[in-house]
Structures are given as C-alpha cells and as structure tokens.
Amino acid sequence: MTNTKQNNNNSEKERLDFIRQIVAEDLKTNKWDGRVVTRFPPEPNGYLHIGHAKSICLNFGIAAEFAGQCHLRFDDTNPTKEEQEYIDSIIEDVHWLGWDWEGHLYYGSDYFEQMYEYAVQLIKKGKAYVCDLTAEQTREYRGTLTKPGKDSPYRNRSVEENLNLFERMKAGEFPDGSRTLRAKIDMSAPNLNMRDPVMYRILHAAHPRTSDKWCIYPMYDWAHGLEDSIERITHSICTLEFENHRPLYDWFLEKLDAYHPQQIEFARLNLTYTVMSKRKLLKLVQEGHVAGWADPRMPTICGLRRRGYSPQAIREFCRRIGVNKFNSTVDIALLEHCLREDLNKTSPRVMAVLKPLKVVIDNYPEGQVEELEAINNPEDPNAGVRKVPFSGELYIERDDFMEEPPKKFYRLAPGREVRLRYAYFVTCTDVIKDENGEVVELHCTYDPATRGGDAPDGRKVKSTLHWVSAGHALEAQVRLYDHLFTKENPDDAVEGEDFKSNLNPNSLEILASCRVEPSLAGAAPGSRYQFERLGYFCVDPDSSDSKLVFNRTVSLRDPWAKIQKAQKKK
RNA sequence: UGGGGAAUAGUGUAACGGUAGCACGACUGACUCUGGAUCAGUUAGUCCAGGUCCGAAUCCUGGUUCCCCAGCCA
C-alpha cells in the first residue's frame, strides 16, 4: 500500500533553485565525474555591488554546498578599461563577504598564449579568418535584427594567408582597428552573435598584467568559454543577457573539440530605491551626488561595508531572494530586515542622544554621580553588563518630549512620569523656553525608590527613555542616511529627465552635536552598536579619539514614526 | 511570424499532473525597563482565452505583456 501521502522530514528540506537542481542532477548522473567547479569572473573595471554579491553567493555557495570549488577569475581581456585598483578592491570585497577561492585565483590574461594557439587551430580548420573591414563596415555588413548580413569580402582568404596575417597582427605590424580575426559562422544567422563574430581586435595598449606583450586582445565570447574550458569549470553561471551568447559559447568549444562546461543564465538583482548599473553608479560618483564608490548610500559592497552592513546580513539576503530566470525588483525592506535580524543578535547596546534636550533633576543631590548597571545585549547573555554614569543633569532626545502630546504619544510631557532606562522614574515639572518659544530645558523630579528602573509599589509608566549624563557624555557626529532615491524605481522619471531627477535631497543628514555614553570612548572604526531605541550605528573611518563619527546603518522599526505619519495625513 | 528568454498575493520565491505554501511588507493583538526583539493572528495570488484529464500553476493550442540582442565592451 503506497497511497499514503509522504509526510516526512523531506517537506522540511530547503528546496533547490533551478541551478542547484541542475548541479544536483549532474552529480547524480556523474556527468562531470563528480566534480562541481564554478567561477566568479568579474571584469576589473569597477567596484562590486550587491548585485555582484548575488552572483558571488550563488557561485561560491554552490561550490560549498556540493563539496566543489569556486574560482575567482578576473576577466581582463580589455586593457583600456581595467585597473589594478579594481582588482584589489574585488579581492577585498569577496573576502569580506566571507568567501575563499582556496588558491584558485586566476586571470583571463594568464591564458592569452593558449587562446592564441586555439585561434590558430580554428584558422587551420577554416573556421576563422582575418577581416580588413573597418568597424563601421563591419556593422553595415552585419545586417539588422530583421535583415540578414552579408559576407565580408575577406571571408574566403586561404588558410595560409589567414595564418600569415594573424601572426603579423600579433607581431604588431598593423595599427589599431585595421584588422580583426573573425569566426566563420553564418552572416544570415537570426542570432546576431553568430554573424561572424570578432574574436580578436588590435589594441596597442598596455595591460595591467601582461604589460605590452600583446597588441591583440580576445573578445569576451572567444575568451570566456576558453577560460572556463581551461579551468575545467563544470557550470558556467552568468546573467540573462548572455543567453543569446550561449550558442556561440557552445560553437567555439565544439569546433575546438575542447572541454565544454555548461553555461546557465539567471536574472540580475534589482533593488528598490537604488540603481545597480555600473554606468549610473559611475555617474553618481563623477557628478558628485555621492562621495565616491564607498559612500554609505551606495549599493556597492564597499559602500555597504562603510554603512555598517555585516557580511552575514548580505549573505542571508542573497539566500532569501532566490535565483530565477525572470527580471524582478527586490524590495530593499528585505535587505534591511536581514540586516536588523543579524545586528539585533550581534550588536552591543549603548545609549546615545542624537538631538539633545537638557534635563535637570531638581531633587537629585547636588554633585552626586551614580554608576548604574546596563545590559550590553538582551539577545546575548554572554555579552554581560556595563556601568553608565547618571547625574542630576542629563540629555534626553528632543523627540521624546512634547509640550502638548497628541494621542498615542507615550513619552515625556508636562506632569507625566516616564522611566529613564536603567535609572529612575522621573516626572516633568517645568518647561523652559527661549525668546522664540522653543523648549531649551526641562526640569524634573525623580523618585529615589525607583533606582534601577523598577517601582517597588508596582507603579507603571508608559515609556522608557534613553539618556546620557551631561557631564560625562562624549560629543559625536552622527550621519543619518536614507534611500538614495525618492522613487522605488529611480528610472521612473518625467519626460526629458533621467534617474538623477529622482535623487533624494535628504539622503544624508549630518548631526553635529550628538552625545553618546562614555563607554564609547576610543571606539574603533567599523565597530557596530545599537543606539537604544534609535537604530544600528557603526563607527566611521573618519572617526578619531578626539572626534567620534558614527553612521546610521539602519533605524530600528519605529511604530511611533508610522503613527505620526498617519496622523499628519489626517 | 528576425531570434532568444520569461510571466504565481504589494514584493521576492515554492509547489515538477493530486490540499496554491513560505518569507518580506501592511494591519490586529499579546508581552516587554528599547514604541526594539519575541509570540499569536489577519490580509492578499496562478497574465488572458480555449483544450486534454477524474484532477492543470504544471501538459496542449492560440493570444497578451515584459526583458535581451544590430561594440573591434563584458
């Protein structure tokens, strides 16, 4: 009897995405002799962003899960765009994300010699030829999406002539752009990539790694499959726009009778409220809308790092978004959720006042200071406790007081009693204003019986406020960040405008005179904290012993802000 | 009829001919010395039209919409 439903632990098992399914199936059928070898192959022409993280986590993740190997390979076939600076940053970022290529660090340029030999082979097979058409002529001969191309007049040169010319191309006899090596496929193919694609162009340019050894450089389609083949990659995972290139990838390796990995395509990551294309990010940098690639508002890995993101949060995000073959835009709220989830577990709590409002406790003994015990992380018992100084002059958050509190405002107001976290219950007795009517100081009384924050008589308060002791607090600068763009889709701009018209003018707010508790003295750049009731913050590299600087990584979930927003709308 | 891909709650993803599920978001409520966290609950979906089948998100036919391709970029 087998008609009872299977309801065992298999239902708990995480389902595999379509790429992992292929890998698992290949392992089962022993298609690649039990090997799993992937690669992350960036061109070192810019900084990595969260979209790359998706690809990195996919490739390195698959290798890790299936006991395989993932190579880091720089696809450095175009010396006019590539720089060592980018190579260094990519290595740093992949490592920071927590992945290890275990010695398998390669460069496409390592294979230039082999690629050249392969090209000679193809020529000898009559499958490639040297073409003297200019770039413009080549375009004309290619035809269009709906019209077939026509054969180059150089298409039927003899093997000997091709060999001779190709060797002389390599030797540097011809100027840039004067000739190319092309694959001889089909000028009327419906797939434009198959209309005798260029394999080599002449470029008298110094390469970051091979210097001026070469003056002919392989094109992506020619180089990439060979790189994969040479490294004996099993699954060559790339993004959707290369789907049209797969027939060519396959064609080269078939004609060469070379080791032949499987190319698999998946959809790029898009995120709401930001842009992901290198071109647009570069524009933001060049036009000064952000302070460089590592600006904490950028979706670059270095930007996220400076913002205070943890590698764990980014990896968890990449795990949750899944992998698919259709374009989608992930809500940045999911990234922020993964961030808070990680930071909540790992960040020590600390009290900091962003917009200070002076509070004087009138009945607190003159000159007295107490060291009160505070819990470092309620989510982590091992994090222990610390002492925080309390005195009769404090700062609280300006937003935590309202002279005329609206409905649902639970915080301090005239005559109202609240708790100061880890300290005492206090009641507001007086409000002092300046000549403009602005509140500049509060006077309160405290209840000595509530020391530590509990009332022996069981009295309850509606809210607990964070605070710092005025005489002990450290001054700090805090940088508040918001989404870079005001629209979910920045490209959704009015006629005649582009994505830059949707830049959020309030994406950065600098608060110059914040006060933080003294335990933060000397906090190291990069260290992360939760400022209680406010959010997660990290120490910026600009920070020094004499001047603390924090970045707000992400705010805490804030129901009161939502209530306020809703009340405003009414 | 140029070719290639793809369509599942607001968003992201499962279900591989057999109960459309999960997460994020939003909204309730409980709890709380963070209006945090946690816990419980509510919300809402198979692009359209036919067909096959006892049974279709899944297979077939026909549409619709979206994405990619005309670099000597990757």
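Computed from heavy atoms alone, side chains included, the values below leave out hydrogens, waters and symmetry copies. In what follows, chains are A, B, ... by sequence order, proteins preceding strands, each numbered from 1.
Using a cutoff of 4.0 Å between basic side-chain nitrogens and carboxylate oxygens, Glu316(A) and Arg319(A) are scored as salt-bridged. Using a cutoff of 4.0 Å between basic side-chain nitrogens and carboxylate oxygens, Arg73(A) and Asp228(A) are scored as salt-bridged.
Taking the centre of each ring, Tyr422(A) and Phe390(A) stay at or above the 6.0 Å mark. Here the two rings, on Tyr220(A) and His224(A), have centers that are under 6.0 Å apart. Phe74(A) has its ring centre less than 6.0 Å from the ring centre of Tyr107(A).
Distance Arg340(A) CZ to rA23(B) C1': 16 Å, rounded to the nearest Å. Between Lys460(A) atom NZ and rC31(B) atom C1' there is a gap of 11 Å when expressed in whole angstrom units. The nearest whole Å value for the distance from the OH atom in Tyr529(A) to the C1' atom in rU34(B) is 18 Å. In this entry the distance linking CD of Glu341(A) with C1' of rU38(B) reads 12 Å, nearest Å. The separation between Phe18(A) atom CZ and rU58(B) atom C1' is 18 Å, rounded to whole Å. Look at CZ on Phe537(A): it is 18 Å from P on rU34(B), rounded to the nearest Å. If you take CG of Asn376(A) and C1' of rA37(B), they are 17 Å apart, rounded to a whole angstrom. The distance between atom CZ of Arg268(A) and atom P of rC67(B), rounded to the nearest whole Å, is 15 Å.
Ring planes of His52(A) and His49(A): tilted class, angle from 30 to 60°. Below 30°, between 30° and 60°, or above 60°: for Tyr424(A) and Tyr446(A) the angle between ring planes is above 60°, a perpendicular geometry. Tyr217(A) and His207(A) have parallel rings, their planes meeting at less than 30° on a 0 to 90° scale where 60° marks the start of perpendicular.
Ranked by how close their nearest RNA chain B nucleotide is to the 5' end, Arg533(A) and Lys147(A) are led by Lys147(A). Position along RNA chain B of the nearest nucleotide to His337(A) versus Arg349(A) favours His337(A) as the more 5'-ward residue.
Looking at heavy-atom distances under 4.0 Å, Glu265(A) makes no contact with the nucleic acid at all.
Interface remark: the Arg411(A) side chain does form a donor-acceptor pair with the rG35(B) base, using a distance-only criterion of under 3.5 Å.
Taking atom P on both nucleotides, rA7(B) is separated from rA15(B) by 12 Å, rounded to a whole Å. rA9(B) and rC47(B) have their C1' atoms separated by 14 Å, with the value rounded to a whole Å. rU8(B) and rU43(B) are spaced 22 Å apart, taking the P atom of each and rounding to whole Å. Comparing rU58(B) with rA20(B), their P atoms sit 13 Å apart, to the nearest whole Å. Nucleotides rG5(B) and rC60(B), compared at atom P, are 15 Å apart to the nearest Å. rU34(B) and rC67(B) have their P atoms separated by 49 Å, with the value rounded to a whole Å. Nucleotides rA56(B) and rG17(B) have their P atoms positioned 14 Å apart, rounded to a whole Å.
Regarding contacts with the backbone of rU13(B), every side-chain N or O of Arg15(A) stays at 4.0 angstrom or more from both OP1 and OP2. Considering only side-chain N and O atoms, His466(A) lies nowhere under 4.0 angstrom from the phosphate OP1 or OP2 of rU34(B).
Residues meeting the side-chain contact (heavy atoms from CB on, under 4.5 Å) test with Pro299(A), sequence neighbours left out: Ile50(A), Thr274(A), Met276(A), Leu281(A). Listed by chain and residue number, Leu165(A), Arg168(A), Met169(A), Ser178(A), Arg179(A), Ile202(A) satisfy the side-chain contact (heavy atoms from CB on, under 4.5 Å) test with Phe174(A) (two or more places apart in sequence, or in another chain).
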Reading 5' to 3' and counting Watson-Crick or G-U wobble pairs with both distances under 3.5 Å, write the dot-bracket notation for RNA chain B, | for bases paired outside the strand. .((((((..((((....[..))))((((((.......))))))...(((((..]....))))))))))).....
Protein proximity profile, nucleotides 69-74 of chain B - base contact B, sugar-phosphate-only contact S, no contact -, cut-off 4.0 Å on heavy atoms: BBSBBB
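The heavy-atom pair separating Arg195(A) from Gly143(A) by the smallest distance is NH2-C, 3.9 Å.
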Only pairs under 3.5 Å count here: list side-chain donor-acceptor contacts from residues 461-469 of chain A, not counting sequence neighbours, and write none if there are none.
residue, atom, partner, partner atom, Å
Ser463(A), OG, Tyr410(A), O, 3.1
Thr464(A), OG1, Arg419(A), NE, 3.1
Thr464(A), OG1, Arg419(A), NH2, 3.3
His466(A), ND1, Arg533(A), NE, 3.3
His466(A), ND1, Arg533(A), NH2, 3.4
His466(A), NE2, Ala352(A), O, 3.3
His466(A), NE2, Glu397(A), OE1, 2.8
Trp467(A), NE1, Arg421(A), O, 2.7
Ser469(A), OG, Ser391(A), OG, 2.8
Ser469(A), OG, His472(A), ND1, 2.6

Which atoms of nucleotides 5-12 of chain B (N or O only) lie under 3.5 Å from a protein N or O atom, and what are those distances?
residue, atom, partner, partner atom, Å
rG5(B), O2', Glu243(A), OE1, 3.2
rG5(B), O2', Glu243(A), OE2, 3.1
rU11(B), O3', Thr329(A), O, 3.2
rU11(B), O2', Thr329(A), O, 3.2
rU11(B), O2', Asp331(A), N, 3.4
rG12(B), OP1, Thr329(A), N, 3.1
rG12(B), O3', Ser328(A), OG, 3.4
rG12(B), O2', Ile321(A), O, 3.0

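When side chains are defined from C-beta on, Glu243(A) does not count as touching Gln263(A), because their heavy atoms never get closer than 4.5 Å.
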